[in-house]
Amino acid sequence: MTKGVIVPLQSYRLAQYAVPVACYICEAQNTFDAEFCDHCGAPMALAHQATTQKMLPQMVATMGASGAGKTVYLGMLMDMLSRRPDRLQILARGAFSITLQQMAISALSHCEFPEKTPNEPDRWNWVHCQIRHRKRRRPLEMIIPDMAGDALLEEVDHPHSFRVIASYLKKCVGALVLVDAVQLRDGELENDYFTMKLISYLGELDDDPKRGWAKKPVALVFTKADQCEQCVADPEQFARTHATGLWQQCRERFRIHKFFAAGVAGACASRHTRGEGRVCVPLRVEPHGIIEPFEWVLERMK
Ligand SMILES: Nc1nc2c(ncn2[C@@H]2O[C@H](COP(=O)(O)OP(=O)(O)OP(=O)(O)O)[C@@H](O)[C@H]2O)c(=O)[nH]1
Ligand SMILES: [Mg+2]
Ligand SMILES: [Zn+2]
């Protein structure tokens, strides 16, 4: 004989699903318990946090080819800002915002560079933080993802392949564009071509002469400056000689732009590993020029 039991239906729980939550990046509707946006893959935590704040977060893009040094740069930037409250004060919003700095710094402290960023947007590290700057009366809320260079290239070559990238870049108020200085110095033009493509893509995304990318601050950062002294002495001159196409495009498309040089490692060596072959390892960590480009963008964004 089966025993009869009364199971409450709890249909009120379904009512929660009737109220959709809009993704903060692409504005597509999601259910309240989605972890990542169904449409673009951005974390829904950004939308939940934004609704609890008075100030809506602004976005700054960090772009560059695969291997340009975005993950190393961003990880180091976040770590330096969180330890040096004299210049800029930063407060991470949500535990997920600390993962990028944790991952980059723990790799560097083991004399390794962090791994290549996976292509899937739901595996990127997103940083949502509050920033206080002495020149601003009110603190700023900011969202910065560590995008994968290969995904960026795919989107530039085939628009709409990564919806999150176009939606995000349309909302950005400024950008940091990272270029590998060592490759440029050695005459490898891959990085130069990629960055030129990226710049024309940005220009086409929003070509409004008053509100578009023409009027947004863009910092062009030559990375791996520890291995390329020429770019440290005069980044603008380095651009003119080693990346003439890029230098020309920036002058035409961005009214507010500046060239910078940044390096994280003090000295590098190459090590032979099984499976990967020769890999470059950092022997020391001596960050140089990390905060300057970010602070410059911060001071100029609307
Ligand atoms: N010498 C030196 N090498 C660096 C520095 N930053 C990055 N590198 C080298 O560049 C490689 C790529 O750096 P990442 O930060 O992973 O590059 P990424 O732009 O995030 O690349 P994707 O994740 O593929 O888009 C590292 O593995 C290092 O070999 C630096 O400051 N100095
Ligand atoms: Mg990366
Ligand atoms: Zn979305």
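For ligands, and for the atoms within them, numbers begin at 1 and follow the listed sequence. Quick caveat: nothing in here was measured; it's all calculated off a predicted structure. Side chains are part of it too, since the values below use all heavy atoms of this structure and drop only hydrogens, waters and symmetry mates.
- No salt bridge links Lys170 with Asp206; every basic N to acidic carboxylate O contact stays at or beyond 4.0 Å.
- Each of the atoms 30 (C), 31 (O) of ligand 1 lies under 4.0 Å from some heavy atom of Val264.
- With hydrogens left out, the protein atom closest to atom 20 (O) of ligand 1 is Thr71 OG1, 2.7 Å, a heavy atom.
- At least one N, O or S atom of Thr117 sits under 2.8 Å from the Mg ion (ligand 2).
- Contact between Gln29 and Ala22 at its shortest, heavy atoms only, is NE2-CB, 4.3 Å.
- Within the cation-pi definition used here (under 6.0 Å to the ring centroid, within 45° of the axis), Lys171 qualifies as a partner of Tyr24.
- Ranking the protein heavy atoms by distance from atom 10 (O) of ligand 1 puts Lys224 NZ, 3.0 Å first.
- Some N or O of Gly69 is nearer than 3.5 Å to an N or O of ligand 1, by distance alone.
- Checking Met147 against the Mg ion (ligand 2), every N/O/S atom stays at or beyond the 2.8 Å cut-off.
- For atom 18 (P) of ligand 1, the closest heavy atom belonging to the protein is Lys70 N, 3.5 Å.
- Applying the 4.0 Å criterion to heavy atoms of Gly263 picks out, from ligand 1, the atoms 31 (O).
- Separating the CD1 atom in Ile25 from the CE atom in Met44 is a distance of 10.0 Å, to the nearest 0.5 Å.
- Every N/O-N/O distance between Tyr73 and ligand 1 stays at or above 3.5 Å.
- A search for side-chain hydrogen bond (donor to acceptor under 3.5 Å, both in side chains) contacts involving Asp86 returns nothing, not counting sequence neighbours.
- Between Val72 and ligand 1, at least one N/O pair is under 3.5 Å apart.
- Remark: Tyr193 pairs with no residue by the ring-ring contact (aromatic ring centres under 6.0 Å, His included) rule, at least two apart or across chains.
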*Test Ser200 against Gln249 for side chain to side chain donor-acceptor pair (under 3.5 Å), laying out the working first.*
CA-CA 8 Å; Ser200 55; Gln249 275 228 0; 4.8 Å; no
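- Protein heavy atom in closest approach to atom 27 (O) of ligand 1: Phe113 CB, 3.4 Å.
- Residues passing the ring-ring contact (aromatic ring centres under 6.0 Å, His included) test with Tyr12, sequence neighbours excluded: none.
- No donor-acceptor pair under 3.5 Å is formed between the side chain of Asp122 and the backbone N or O of Gly41.
- Distances from ligand 1 to the non-hydrogen atoms of Ala65 include at least one value under 4.0 Å.
- Dense packing is recorded around CZ of Arg134, with more than 12 heavy atoms of other residues, nucleotides or ligands lying under 6.0 Å away.
- An N or O contact shorter than 3.5 Å links Ser66 to ligand 1 by distance.
- The option from Cys268, Gly67, Gly149, Gly64 that lies nearest to atom 21 (O) of ligand 1, judged by heavy atoms, is Gly67.
- Here atom 30 (C) of ligand 1 lies nearest to Asp226 when heavy atoms of Leu178, Asp180, Asp226, Asp150 are compared.
- Shown here are the protein N/O/S atoms lying under 2.8 Å from the Zn ion (ligand 3), water excluded: Cys23 SG, Cys26 SG, Cys37 SG, Cys40 SG.
- Salt bridge absent: Glu155 and Lys197 never bring a charged side-chain N and a carboxylate O closer than 4.0 Å.
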